[in-house]
Structures are given as C-alpha cells and as structure tokens.
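Remember, it's a predicted structure, so these values are computed and weren't measured experimentally.
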Amino acid sequence: MQDTKLLIGQTLGFAGDPFAEGPGAARHAARGGVLVQGGRIAALGDPATLQAAHPNAVVHDYGEALISAGFVDAHIHFPQTGIIASWGKRLIDWLNEYTFPEEARFGDPAHARAVAETCLDLMLAHGTTTACSFATIHPESVDAFFTAAQARGMRALAGKTCMDRNAPDDLRDTAQLAYDQSQALIARWQGVGRLGYVITPRFAPTSTPAQLSALGALWAEHPDLLMQTHLSEQAEEIAWVQRLFPQARDYLDVYEAHGLLGPGAVFGHAIHLTARERARLREVGAALVHCPTSNAFIGSGLFDLAGLKGAGQRVGLASDIGGGSSFSMLRTMAGAYEIAQLRGQAVHPAQLWWLATAGSASALGLGGQVGNLAVGMEADLVVIDLASTPAIAQRAARARDIWEALFPTIMMGDERAIVATWVAGRPVHRRAG
Ligand code: GUN
Ligand code: ZN
C-alpha cells in the first residue's frame, strides 16, 4: 500500500480518563509502533509485527523518544502572539493597554497573515497540532488564520471575536454586523477540510445584550458549532459583569439568558465559579478550559482542577496566548501542576498529559478525531525527547517507570524536547541539529 509509514519509539495513549480511572487508563509501550496510512493511525502494536505485515512502510525509528498524539491547545488568541509577555497589568488594563491596540492592526490582511503564520509555526515547533483560537473583530483575521492552518494541513478551530461596547471605536462591530459577518464566515469556512468555525463573543463586558442575543440566535441556527468565550477569570471583571447585567444571577447566567449556554459551549478560565454556576455547567455538560500560565501571569487565580474534574466537569488545557506566557503545552502542563499544588492538589503526569491531548480534544468536541493514539484517529503526532537538556537527562536517568521518565520533561521541557511534529500523517516540523 502506498503512503504507509511506521513510526517506532515509546508510545503513549489513553484507554480512558485518568482523572476518573487513575494512571492505569494510560497505554504505554516501551517500544511500540504507530502505522500511518492515508493520514490516519491504521494500527498500533509491536514494531516488528507491523513491519512484517507492511514491508513497504517507510520506517521512522525514533529510538527511545516518546510518540504521543499532538498537543491540543483549547484556547488561544493568535492575534496576541506579538504581545506575549507584556509587563505589569491585570486583565482589564492589560486588554486596554496591550491587547486592543495590537488587535486593531488585524484589519490589515498582510499583518493578519504574517502573525497567523508565525503563531502556527511556533505551535508546530512546540508540538501543538490543533488549536481553538479567538481571532479579532475583523473577518480578515479569521480568513488569515484558517488559510494558514489549511496550508499546514492542520485541524483548527477559530471565530471572529465580537465586541460592540467597552472597546475602542476601531474594534467595535454591532449586533447585526456580528451576526452577519459570523454567518458569512460560517458559510465560507465551516467544515472546509479540517477547519471548524466557533461562534465567539469575546466576553460579557464587551457585548451589549442585543449582541449576545444575536449570537445566541446564530448558535441556535447552527447548533452543531462550538461557542467560545471567557467566564469568571478575574475578580474585577466579575464585579463589572454584575454592574453591567444587574438582573443576572451570576456571570454564567448572563450567557444562559442570551442563548449562549449548551454542551457545545467552551468557557475559558472559569476560576471563580459559584456553587450554582458549577452545578449548572455540570448539568449542561459545557466545557471549561484551564489556562494556568495566563492565570498566574495576569494574576487571575487558582483554577480548581481536582474539584471540577472530580465533579465530572469537562475540562481542557490551554496556553491562552498572549495572556499566557508560553507556546509550550509542556510548560502549560507544568503550570497546571504548580497551580494545583498551591491548592493542595497533586496532579499525576498521566492526568496532565491527558489534559493536553485527549482532554482538550474532547472539550472541543474533537475526541473522535484527534488527541489520542488510537486506531482510526487522525495522525497528528508529536515525538518527544525525554532527555532534551542535561538537567532533564540526569533526572530522567533515575526514572523507574514512564511517569518518572516523563515528569521532568513536563516540568522543565520546552521546544528543545520536540524531536518531530506530524500533521495528518506527514512530518511538518523536525528539531534542528
Ligand atoms: N477576557 C476577555 N478577553 C480576554 C483576552 O484576550 N485574554 C484573556 N486572558 N482574558 C480575556
Ligand atoms: Zn482568552
């Protein structure tokens, strides 16, 4: 059979959710094979057996490196690539001082294209193969992101970020424009190749009730789409939402009252939730996205990972570029570990890895397509060197099992650990040197 590849190395996937089932839900092989045909994983198993059955397969032997599903970043703002690591502000001032002036530049298609390409190439170099991104208010920014993702063969999600108040003049649309432009973008991009459109009100403070309702109506017309926004990130923001929507029971109620709550809702941050909000989110089956480096960097607070997962919430993991301070999902896993420690919770490496792959994919409704090493899944893969720096290597050398071998890379690793990144069965990034 033509176009058959066999990747050999350590392999790591999941047969279940390790938050529910423990680390035993992971499937690790010290020397395993991943057979790729037609852009999908065709078989997993003993390399020699796979090679004997497929003698024409092109073999990529990665030795002791670890082959995993590529990382899935469940919440990013690609237009904020250029303002990552901007100093000294909390959320609202950070938006006004750094974010909005940068986002205003994305009406220029050349700028939008250049930043989209930079962002996606950085993601691939860090082993991230799928992202769900906010664009800017400009439809051109959505076109730029999807065009760049398509050129790289990536599965990607994004939407026009709608705002009609509490933003600068050149970053505001209206309720009608938000509806019309989002509708046109759905017609242009939804389901084209590996791309998916996400209805995207930025967050409650930057939309009038009329705009939230218009987007709620649009979602009702396209119930299979995701809807992404921000929820309960920072104390000042929550107080502001209370002032803007005095009739709402809480922050989540603002979204629900405008038709913006359902199983396809993906809420970034979700740190300071009330008991009612938790119960309602759980009841509806909406997804929450943990953004640990951003929550630390902007000083937002400590996401209750163990409590929320223990209560059966759907949770994904994200860099939240550019509020987040790293493109690396390794660094993001480390952030999740550290924040949980500050809450007295110890998250197992299996749980961290699951969050960055299968958990994020499932939060985005992509659990059947990407985020796991399993037969039939799309072959978006990352190959990880578990001894990528001297400091990591000397620690990993003492490891007695895969988790001790993996944890130093989770805590101390960066793009130097990424040996190769594969998208749809093709290698698209290879470590230099
Ligand atoms: N809340 C509303 N917009 C944003 C944003 O761009 N980044 C973060 N971290 N929070 C937000
Ligand atoms: Zn965000």
Side-chain angles (χ1 to χ4, degrees), residues 1 3-51 53-54 57-62 65-74 127-132 153-157 194 196 287 309 314-317 329 333 348-384 402-403 406 418-428:
M1 178 128 184
D3 191 31
T4 302
K5 290 145 188 161
L6 177 62
L7 285 72
I8 301 173
Q10 298 194 58
T11 56
L12 179 62
F14 294 93
D17 175 350
F19 283 92
E21 300 168 26
R27 292 290 174 267
H28 170 249
R31 187 145 174 92
V34 181
L35 191 79
V36 172
Q37 279 176 338
R40 289 182 184 270
I41 298 174
L44 295 164
D46 172 55
T49 311
L50 289 172
Q51 204 169 356
H54 302 274
V58 178
V59 174
H60 298 255
D61 191 338
Y62 289 111
L66 178 80
I67 304 167
S68 159
F71 300 129
V72 178
D73 191 338
T128 299
T129 46
T130 285
C132 182
M154 296 169 73
R155 182 165 283 290
L157 299 167
R194 305 184 77 197
K309 279 297 294 173
R314 295 169 57 219
V315 178
L317 187 67
M329 292 302 281
M333 286 182 241
H348 192 275
Q351 296 171 328
L352 294 168
W353 207 266
W354 179 89
L355 272 180
T357 54
S360 278
S362 142
L364 299 175
L366 298 175
Q369 281 132 323
V370 296
N372 204 358
L373 276 196
V375 172
M377 303 287 278
E378 295 164 1
D380 291 352
L381 307 167
V382 62
V383 184
I384 311 265
I402 176 62
W403 306 122
L406 190 54
I418 310 302
V419 175
T421 307
W422 288 59
V423 165
R426 289 186 311 116
V428 293

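- Taking 4.5 Å as the limit, every side-chain heavy atom of Leu373 sits out of range of all side-chain heavy atoms of Leu12.
- Here the closest heavy-atom approach between residue Arg314 and residue Ser362 is recorded as NH2-O, 2.8 Å.
- Here CG of Leu317 is found 7.5 Å from CG of Asp73. Values are rounded to the nearest 0.5 Å.
- For the pair Thr4 and Leu35, the minimum side-chain heavy-atom distance is below 4.5 Å.
- For the side chain to side chain donor-acceptor pair (under 3.5 Å) test, residues two or more places apart in sequence or in another chain that qualify with Glu378 are Arg155, Arg194.
- Side-chain contact check for Arg27 versus Phe14: every heavy-atom pair is 4.5 Å or farther apart.
- Put simply, the side chain of Met329 does not reach to within 4.5 Å of the side chain of Val72, judged on heavy atoms.
- Scored by the ring pair (Phe, Tyr, Trp, His ring centres under 6.0 Å) test, His60 finds Trp422 as partners (sequence neighbours excluded).
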request  = Could you walk me through whether Thr421 and Thr128 pass side-chain contact (heavy atoms from CB on, under 4.5 Å), step by step?
outcome  = CA-CA 8 Å; Thr421 307; Thr128 299; over 6 Å; no
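- The two residues Gly371 and Ala361 make their nearest non-hydrogen contact at CA-CB, 4.0 Å.
- Thr129 places none of its side-chain heavy atoms less than 4.5 Å from the side chain of Val370.
- Shown here for Val423 and Gly153, the closest heavy-atom pair between the two residues is CG1-O, 3.2 Å.
- Side-chain atoms of Gln10 and Ile402, non-hydrogen and from C-beta on, do get closer than 4.5 Å to each other.
- Taking a cutoff of 4.0 Å between a charged side-chain nitrogen and a carboxylate oxygen, Asp61 and Arg31 qualify as a salt bridge.
- Put simply, CG on Leu6 and NE2 on His54 are 8.5 Å apart, with the number rounded to the nearest 0.5 Å.
- Rounding to the nearest 0.5 Å places CG of Leu364 at 8.5 Å from OG1 of Thr130.
- Within the model, atoms CD1 of Ile41 and CG of Asn372 stand 7.5 Å from one another, a figure rounded to the nearest 0.5 Å.
- Of all heavy-atom pairs between His348 and Ala350, the closest is ND1-N, 2.9 Å.
- With rounding to the nearest 0.5 Å, the separation of NZ in Lys5 from CG in Asp3 is 4.0 Å.
- Here the CG-CD1 distance, from Leu50 to Ile8, works out to 8.5 Å after rounding to the nearest 0.5 Å.
- Val315 is listed as a side-chain neighbour of Leu355, based on a closest heavy-atom distance under 4.5 Å.
- In plain terms, the two heavy atoms of Leu7 and Leu381 that are nearest each other are CD2-CD1, 3.7 Å.
- Taking the side chain as every heavy atom from C-beta outward, Thr357 and Phe71 approach each other to under 4.5 Å.
- Closest non-hydrogen pair, Gly425 versus Val36, comes out as CA-CG1, 3.6 Å.
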query = Given Val383 and Leu66, is the side-chain contact (heavy atoms from CB on, under 4.5 Å) satisfied, shown in steps?
reply = CA-CA 5 Å; Val383 184; Leu66 178 80; over 6 Å; no
